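One structure is given here, and the rest of the page talks about it.
Just so we're clear, the structure is a prediction, and the values are computed from it rather than from any experiment.
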Amino acid sequence: RIDRLSGLIVQPSAVPDCVSLFRIDSGQIFGPMPLHIQVTEHTKSQSMDARVQEVLRNVEREGPRTATAVMEHLAILKRWYYRSNRIGEIFFADDKDTLPMRRIVRGISRVFRGEEPEAGNILNAPVIDAAFEQKPLS
């Protein structure tokens, strides 16, 4: 269901030593949120997992909640997701809306280094096309 579509997109950033995070919540895309990869003095004691969670806690999830806005966000997500030369990786939350943090941290590393995405990441993905199925007119 669209209202339960939740996840995180990791893409390269234009900012040096960063990746960009895009939070997907109920089919809407929020971000970009920069995540600095290089360790600074105040982040030396934090794990990458904790740093990602901190960035996600600070995301502003306000915006238009109209049906048109959600459809536009889903169209953008669908167009990016089904590209043959997609840049970045996507990670979907489970039924309890929990993100796979270990896989995300490894994905951040791959995106930052410009490596190929994890092959198994696509297998557990929901079918985004289901939101766009057309019903015949009677």
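- A continuous path of ILVMFWY side-chain contacts below 4.5 Å connects Val70 to Ile76, so both sit in one hydrophobic cluster.
- Legend: residues meeting salt bridge (charged side-chain N to carboxylate O under 4.0 Å, His left out) with Arg83, ordered by chain and number and at least two apart, are absent.
- In this structure Val111 satisfies the side chain to side chain contact (heavy atoms under 4.5 Å, CB included) test together with Val10, Pro12, Val19, Glu89, sequence neighbours excluded.
- Rounding to the nearest 0.5 Å places CZ of Arg86 at 10.0 Å from CD of Gln11.
- Scored by the side chain to side chain contact (heavy atoms under 4.5 Å, CB included) test, Asp94 finds Lys96, Thr98 as partners (sequence neighbours excluded).
- Distance check: Met33 CE to Leu21 CG gives 5.0 Å after rounding to the nearest 0.5 Å.
- Take Arg1 and apply the side-chain hydrogen bond (donor to acceptor under 3.5 Å, both in side chains) test, not counting sequence neighbours, and it matches Asp3.
- A chain of hydrophobic side-chain contacts below 4.5 Å, direct or via other Ile, Leu, Val, Met, Phe, Trp or Tyr residues, connects Ile9 to Tyr82.
- Considering every non-hydrogen atom in both Val52 and Met101, the closest pair reads CG1-CE, 3.4 Å.
- Between the side chain of Arg23 and the backbone N or O of Leu56 there is no donor-acceptor pair closer than 3.5 Å.
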Leu99 vs Gln53, side chain to side chain contact (heavy atoms under 4.5 Å, CB included): CA-CA, chis, key distance, verdict = CA-CA 10 Å; Leu99 290 168; Gln53 289 178 356; over 6 Å; no
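- Here CD1 of Ile90 is found 5.0 Å from CH2 of Trp80. Values are rounded to the nearest 0.5 Å.
- The shortest side-chain heavy-atom distance between Asp25 and Arg4 does not fall under the 4.5 Å cut-off.
- Looking at every heavy atom in both residues, Gly107 comes nearest to Phe91 through CA-CZ, 3.7 Å.
- In this pair, Tyr81 and Phe92 present their aromatic rings perpendicular. The plane angle is above 60°, beyond the 30 to 60° band.
- For Glu72, there are no side-chain hydrogen bond (donor to acceptor under 3.5 Å, both in side chains) partners, not counting sequence neighbours.
- Within the model, atoms NE2 of His73 and CD1 of Ile24 stand 11.0 Å from one another, a figure rounded to the nearest 0.5 Å.
- With sequence neighbours left out, Glu54 forms a salt bridge (charged side-chain N to carboxylate O under 4.0 Å, His left out) with no residue at all.
- With values rounded to the nearest 0.5 angstrom, Cys18 atom SG is found 11.0 Å from Ile108 atom CD1.
- Rounding to the nearest 0.5 Å gives a distance of 12.5 Å between CD of Glu115 and CZ of Arg106.
- Side chains of Ser47 and Arg51: no donor on one and acceptor on the other come within 3.5 Å.
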Using the side chain to side chain contact (heavy atoms under 4.5 Å, CB included) rule, take Gln28 and Leu74 through it: C-alpha gap first, then chi angles, then the decisive distance, then the call.
-> CA-CA 7 Å; Gln28 283 195 282; Leu74 287 172; over 6 Å; no
